[in-house]
Each structure stands twice: as structure tokens, then as C-alpha cells.
Amino acid sequence: MTTHALVSIAVLLVVCAAPGALAQTVQVWSLCSPVNYTAGSAYGASLRGVLRDVVAAAGRSRDGYATVFRSQQVKDGAPYGLALCYADAGPPEVCRLCLRMAAGNVTLACPRAASASMLYNNCLVRYADPAADGRKLARPEPDTVQRFSFYNGNMTSAGEADRYGAALNRLMDRLAPAAAEAGANGQPRPLAAFGQTNITADESLYGFAQCVAGLSPADCRLCLQRIAASLPMTKGGRAYSLTCYTRFEVVPFYMPPNTARIVVAPAPAPAPSSPSRGELN
Ligand SMILES: *[C@@H]1O[C@H](CO)[C@@H](O)[C@H](O)[C@H]1NC(C)=O
Ligand SMILES: *[C@@H]1O[C@H](CO)[C@@H](O)[C@H](O)[C@H]1NC(C)=O
Ligand SMILES: *[C@@H]1O[C@H](CO)[C@@H](O)[C@H](O)[C@H]1NC(C)=O
Ligand SMILES: *[C@@H]1O[C@H](CO)[C@@H](O)[C@H](O)[C@H]1NC(C)=O
């Protein structure tokens with residue numbers, strides 16, 4: 001990538017950044033396995049190739065934010081790799097830059113680790129030893145632990161918190177299954193959904209949800225609901241696990257192409273006798 005292109009990305013990121021969002025690509029979390037591979041072993045050499053390949057494949061994908069697994073070399077004991085961009089980050093160049101940084105830094109942060117995960121605000125890179133739990137990258141179980149979160153420091157007031165919380169639940173109830181179903185039937189689309197709902201006549205809440213490929217719709221939904229519930233009720237936030245990601249803001253943010261877009265009707269006047277979730281399914 002040329003310097004000029006890098007400068008354009010930096011400018012674009014600053015311009016597109018919504019209040020409360022990060023204008024830069026930054027590392028937020030990493031985990032190295034305690035088990036090390038032997039220096040100079042074939043595993044270390046294949047690891048470099050696997051990381052290079054998953055990052056290149058994600059970069060070549062039409063939308064720039066594909067989930068990619070490396071499975072061809074598994075017979076030789078090479079690690080599984082995973083590269084995933086969060087589709088709300090912006091255009092594909094943002095994804096490519098993030099993945100290159102993550103792949104470069106994961107080997108610096110975890111020298112000789114047999115398995116490792118590194119989260120950036122805009123992307124995720126993982127690799128794992130097939131002899132240990134590597135296959136979990138290809139057939140993931142939902143990781144319902146919030147690994148990292150950002151949120152707007154302005155807490156909502158007591159009255160607002162109820163309205164915001166209800167709006168967020170309303171959105172998540174629709175975004176979670178939409179994100180899970182977006183990749184069903186073998187569709188290679190990103191497993192992501194973007195939505196909007198009104199908080200009041202003047203205020204909207206915008207939400208985004210994304211799961212890694214290979215999670216069942218039920219597991220994607222469980223993952224998203226758990227990490228969304230882990231956020232405090234403010235005017236914007238993001239939560240990350242190793243298998244899903246969610247974000248909400250009171251201002252619109254980047255809406256990726258080829259993503260399910262959902263408008264959720266505002267809540268009707270409160271009717272205490274009716275179950276709040278039943279109407280949404
Ligand atoms: C918090 O609220 C103040 C006053 O409304 C506003 O100026 C500031 O930008 C807000 N901070 C964030 C992070 O949104
Ligand atoms: C693995 O390597 C790291 C970094 O070189 C080192 O800190 C750690 O103690 C090693 N772990 C084991 C189990 O040898
Ligand atoms: C590591 O990440 C930082 C930003 O978090 C980036 O500036 C740097 O170039 C990255 N290093 C490598 C080797 O990719
Ligand atoms: C929803 O909120 C937007 C502003 O965020 C407003 O323009 C629109 O009229 C509202 N719609 C309803 C049905 O309240």
C-alpha cells in the first residue's frame with residue numbers, strides 16, 4: 001500500500017468516526033497459550049505462512065471483511081488460522097490495515113505460543129494448534145465472555161436508561177437472528193446485521209451485530225445477547241468476544257454494504273400485561 005493510500009485511510013477514519021467511536025486502529029486485547037512450539041520447528045514456519053495466507057485471503061475478498069480459515073495444511077500439523085474484520089469498521093482498506101497489524105503483532109506479543117488470539121478494535125486474528133484445540137476455530141463454540149468493551153462515558157439518566165435499555169433489547173432481538181441467518185445456507189456473506197430503532201420521536205438508537213462463521217444461529221444469538229448485556233447502559237458502546245461483536249450508538253455509523261438492514265418499530269405505549277419480547281419473533 002502506498003503512503004498516499006495510508007494517509008487517505010487516516011483522514012477517512014477521522015471523518016467517519018462517530019462520537020464515542022475510535023478514530024484509530026488499536027490493539028485492545030490478546031491472549032497467548034502457555035504452551036510453546038519448539039524454535040526452528042516446522043510449526044513455526046507454517047505459522048508464518050498461515051497468518052500471511054489468512055490475512056491475504058481476507059484482503060482479497062470482495063467486501064474485505066471475510067472470515068477465513070486455513071485448513072489445507074492441517075494434515076501436516078500446521079495451525080488453523082482465522083482472520084475476521086468487524087464490518088462496521090469502514091471500507092476494506094481499514095480491514096486490510098487492521099489485519100496486517102494484528103498478524104504482525106500477534107507473533108511479537110506471543111513469541112512461540114502454540115495458539116494465540118489478538119483483538120483490535122476493527123479486527124480479530126487467531127491461530128491454534130490442531131493437536132490442541134485448533135479445530136474449535138473451524139467449528140466454534142460460542143464464546144460468551146466479554147473480552148473487551150468500549151463505551152461512552154456519559155451515563156444515561158435514570159429515566160433515559162429504561163428507554164435506551166428497552167430500545168437496545170428491541171434491536172438485539174432482531175439483529176442477533178439476522179446476523180446468524182445472514183450466513184446460513186452456505187452464503188459467504190459476512191454474518192452481520194445493522195439496525196435502527198427510535199428511542200423517542202427525536203432520538204434513534206443504531207446497532208450492529210456480527211458473528212464468526214461456523215456458529216449456529218442459536219449460538220450466535222446467545223453470544224450476542226450475553227455480550228450486549230455486559231455493557232453498561234450509556235449512549236454508545238461496543239463489546240467483543242472471540243466469536244461475536246456488537247455495537248450501538250445514538251448516531252448513525254458506517255453501514256457496511258451487503259449487510260442485513262433492519263428498522264425496528266418503536267415500542268408501543270407500555271402494556272404491562274403483554275410480554276415485551278413475544279411480538280418480535
Ligand atoms: C458527554 O456529554 C457532553 C455534554 O452533553 C458532551 O459535550 C460530550 O461530547 C459527551 N461525551 C461523549 C463521549 O459523548
Ligand atoms: C513460552 O515462551 C514464553 C516467551 O518466550 C515464556 O515466557 C514462557 O515461559 C514459555 N512457556 C513455557 C511453558 O515454557
Ligand atoms: C503493531 O501494531 C501497531 C499499532 O497497534 C502498528 O503501528 C505496528 O505497525 C504493528 N506492528 C507490526 C509488526 O505489524
Ligand atoms: C425516529 O427518530 C428520528 C430521529 O432520530 C425522527 O426523524 C423520526 O421521525 C422518528 N420516527 C418515529 C416514528 O418516531
Side-chain angles (χ1 to χ4, degrees), residues 1-3 5-7 9-10 13-14 18-20 22-41 43-44 47-56 58-59 79 81 83 85-86 89-90 93-129 131-133 148 150 156 160 163-164 166-168 170-171 174 194-207 235-236 240 248-253 255 261-270:
M1 179 174 285
T2 64
T3 310
L6 281 170
V7 170
I9 290 167
L13 281 170
V14 170
L22 287 168
Q24 290 168 350
T25 296
V26 290
Q27 185 193 318
V28 296
W29 182 87
S30 66
L31 182 68
C32 316
S33 72
V35 178
N36 292 333
Y37 62 82
T38 308
S41 65
Y43 189 89
L47 172 59
R48 284 190 290 280
V50 166
L51 288 175
R52 201 173 48 233
D53 287 352
V54 290
V55 166
C85 281
Y86 300 118
E93 293 71 32
V94 178
C95 164
R96 291 180 196 131
L97 178 65
C98 185
L99 289 175
R100 277 204 303 275
M101 283 185 183
N105 278 299
V106 73
T107 53
L108 296 177
C110 303
R112 299 208 285 117
S115 304
S117 302
M118 183 166 274
L119 261 176
Y120 270 65
N121 57 335
N122 295 330
C123 69
L124 168 67
V125 166
R126 301 182 70 188
Y127 69 87
D129 184 353
D133 59 357
F148 192 81
F150 295 109
T156 45
E160 277 180 330
R163 286 201 305 277
Y164 278 68
L168 185 60
R170 213 153 63 226
L171 265 183
R174 292 281 299 280
F194 183 94
Q196 177 268 333
T197 192
N198 274 46
I199 302 170
T200 65
D202 302 326
E203 287 178 300
S204 280
L205 191 70
Y206 300 85
K235 294 190 172 179
Y240 300 77
F248 68 96
E249 307 277 352
V250 292
V251 291
F253 49 94
M255 193 190 305
R261 292 161 200 220
I262 294 169
V263 176
V264 183

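Bear in mind the structure is a predicted one, so any value in this text is a computation, not a measurement. Whatever order the structure lists ligands and atoms in, that order sets their numbers, starting from 1.
Of all the heavy atoms of Pro34, the ones lying under 4.0 Å from any atom of ligand 2 belong exclusively to the backbone.
In terms of N/O distances under 3.5 Å, ligand 2 is not approached by Arg112. Polar contact with ligand 3: present for Tyr120 (N/O pair, distance under 3.5 Å).
The closest donor-acceptor contact from the side chain of Asp133 to the backbone of Ala128 lies at 3.5 Å or more, if one exists at all. With hydrogens and angles ignored, the 3.5 Å screen pairs no side-chain donor or acceptor of Ser115 with any backbone N or O of Ser33. Here the side chain of Tyr127 pairs no donor or acceptor atom with the backbone of Leu51 at under 3.5 angstrom. Proximity of a side-chain donor or acceptor of Arg170 to a complementary backbone N or O of Asn198 within less than 3.5 Å is detected.
Looking only at heavy atoms of the protein, atom 5 (O) of ligand 4 is closest to Ser204 OG, 3.0 Å. The shortest contact between atom 7 (O) of ligand 3 and any protein heavy atom is with Met101 CE, 4.3 Å. Protein heavy atom nearest atom 11 (N) of ligand 2, with residue, atom name and distance: Asn36 ND2, 2.9 Å.
Scanning all heavy atoms of the two residues, the minimum distance from Ala109 to Met118 falls at CB-CE, 3.6 Å.
Note that atom 9 (O) of ligand 2 has no protein non-hydrogen atoms nearby, at separations under 4.0 angstrom.
The Asn198 neighbourhood of ligand 4 comprises atoms 1 (C), 2 (O), 3 (C), 8 (C), 10 (C), 11 (N), 12 (C), 14 (O), with distances under 4.0 Å to a heavy atom of that residue. Residue contact check: Asp202 has heavy atoms under 4.0 Å from atoms 4 (C), 5 (O) of ligand 4. Those atoms of ligand 4 with a heavy atom of Ala201 less than 4.0 angstrom away are 1 (C), 2 (O), 3 (C), 6 (C), 8 (C), 9 (O), 10 (C), 14 (O).
Heavy-atom proximity to atom 13 (C) of ligand 3, evaluated over Leu99, Leu108, Asn121, is greatest for Leu108. Taking all heavy atoms of Val26, Thr25, Leu97, Asn105 into account, the minimum distance to atom 1 (C) of ligand 3 is reached by Asn105. Residue nearest to atom 4 (C) of ligand 2, selected from Cys110, Pro111, Ala113: Pro111 (by heavy-atom distance).
Judged by distance alone, the side chains of Asp129 and Tyr37 never bring a donor and an acceptor atom under 3.5 Å apart.
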Verify disulfide (SG to SG under 2.5 Å) between Cys98 and Cys123, making sure each step is shown before the conclusion.
CA-CA 6 Å; Cys98 185; Cys123 69; 2.2 Å; yes
Start with the C-alpha distance between Tyr43 and Thr38, add both sets of side-chain angles, then the distance that settles side-chain contact (heavy atoms from CB on, under 4.5 Å), and finish with yes or no.
CA-CA 8 Å; Tyr43 189 89; Thr38 308; over 6 Å; no
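Aromatic ring pairs are classed by plane angle as parallel below 30°, tilted from 30° to 60° and perpendicular above 60°; the pair Tyr240 and Tyr86 is perpendicular.
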